[in-house]
Amino acid sequence: MRICVYCASSANCDPDYHAQARRLGGLLASEGCTIVYGGGGVGSMGALADGALAADGDVVGIIPRFMTEVEWQHPGVLRLDVVEDMRERKHRLLTGSDAVVALPGGCGTLEELFEAITLKRLGLYFSPIILVNTHGFYSGLQQFLEHTIAEGMMAKAHAAMWTLVDTVDEVLPAIRSTPPWPQDARSFAALR
Ligand code: AMP
């Protein structure tokens, strides 16, 4: 499986966020998954790649040229695809992935996550989207997304587009048990 992981670049957060990212990298690698991520060397991004590389994992980093110019890339990631801009990176991260995993992160992580959810609603992406709720990080977001449904901005069925898990150990079981997203998702994308 090719797993796309979105996570924080921050080095300033609770170190447990980095520890969990590292653990996820190791877990995915030991299950033979290819990890596709933003290619960064800092924060949870760096820890994710460290964990996977330590377990001899296959890691693909997709990074915009301007980030390599300031040496933000992970020095140990050999499969580094340098792209022209953030849009191309986002497209390359998601396309062909068998699942998306979002660890806690900042605006970059959230933007990437919401693009995946939005494309799924529109029937342009079909794979599982897993949010790792470390330290309850995504509880507020889950509540807000439920609010969007309660307010009629999305359908009840759209709540099945993503799954919250408490720990990184639950990521692969959650991916495997996610029911297929309907091929006719576009037919209920718009609320009338
Ligand atoms: P965030 O969740 O806001 O930390 O953003 C994560 C996204 O921003 C990823 O796509 C990163 O590639 C990008 N990013 C921001 N700052 C850095 C950095 N110093 N090194 C690498 N990537 C970064």
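All values below come from the heavy atoms of this structure, side chains included, with hydrogens, waters and symmetry mates left out. Position 1 is the first residue of the sequence, and the numbers go up from there. Note that ligands are numbered from 1 as they come in the structure, with each ligand's atoms numbered from 1 the same way.
- Taking atom 7 (C) of ligand 1 as the reference point, the nearest protein heavy-atom neighbour is G108 CA, 4.0 Å.
- Under a 4.0 Å N-O distance rule, the pair E115/K120 does not qualify as a salt bridge.
- Ligand 1 places these atoms under 4.0 Å from at least one heavy atom of M45: 9 (C), 11 (C), 12 (O), 22 (N).
- Here R65 does not pair with D85 in a salt bridge; the nearest charged N to carboxylate O distance is not below 4.0 Å.
- At least one heavy atom of C7 lies less than 4.0 angstrom from ligand 1.
- With a 4.0 Å heavy-atom cut-off, ligand 1 is reached by the side chain of M67 but not by its N, CA, C or O.
- Expressed to the nearest 0.5 Å, how far CG of L78 lies from CG of D58 amounts to 10.5 Å.
- Remark: aromatic rings of Y125 and W162 are distant, center separation not under 6.0 Å.
- Rounding to the nearest 0.5 Å gives a distance of 8.5 Å between CG of L131 and OG1 of T163.
- For the pair E111 and K90, the salt-bridge criterion is met [side-chain N within less than 4.0 Å of a carboxylate O].
- Atoms of ligand 1 lying under 4.0 Å from at least one heavy atom of A8, given by number and element, are 2 (O), 4 (O).
- Proximity of the aromatic rings of H135 and Y17 is defined here by a centroid distance below 6.0 angstrom, and this criterion is met.
- Residue contact check for ligand 1: E111 places no non-hydrogen atom closer than 4.0 Å to it.
- Proximity to G105 (heavy-atom distance under 4.0 Å) selects the following atoms of ligand 1: 2 (O).
- Those atoms of ligand 1 that come under 4.0 Å of a heavy atom in V42, given as number and element, are 18 (C), 19 (N), 20 (N).
- Scanning the protein for heavy atoms near atom 16 (N) of ligand 1, the closest one is S9 OG, 3.3 Å.
- With contacts defined as side-chain heavy-atom distances shorter than 4.5 Å, the pair L172/M1 qualifies.
- At a heavy-atom distance under 4.0 Å, no atom of L110 approaches ligand 1.
- Under a 4.0 angstrom heavy-atom cut-off, M86 registers as lying outside contact with ligand 1.
- Ligand 1 has a nitrogen or oxygen under 3.5 angstrom from a nitrogen or oxygen of G106.
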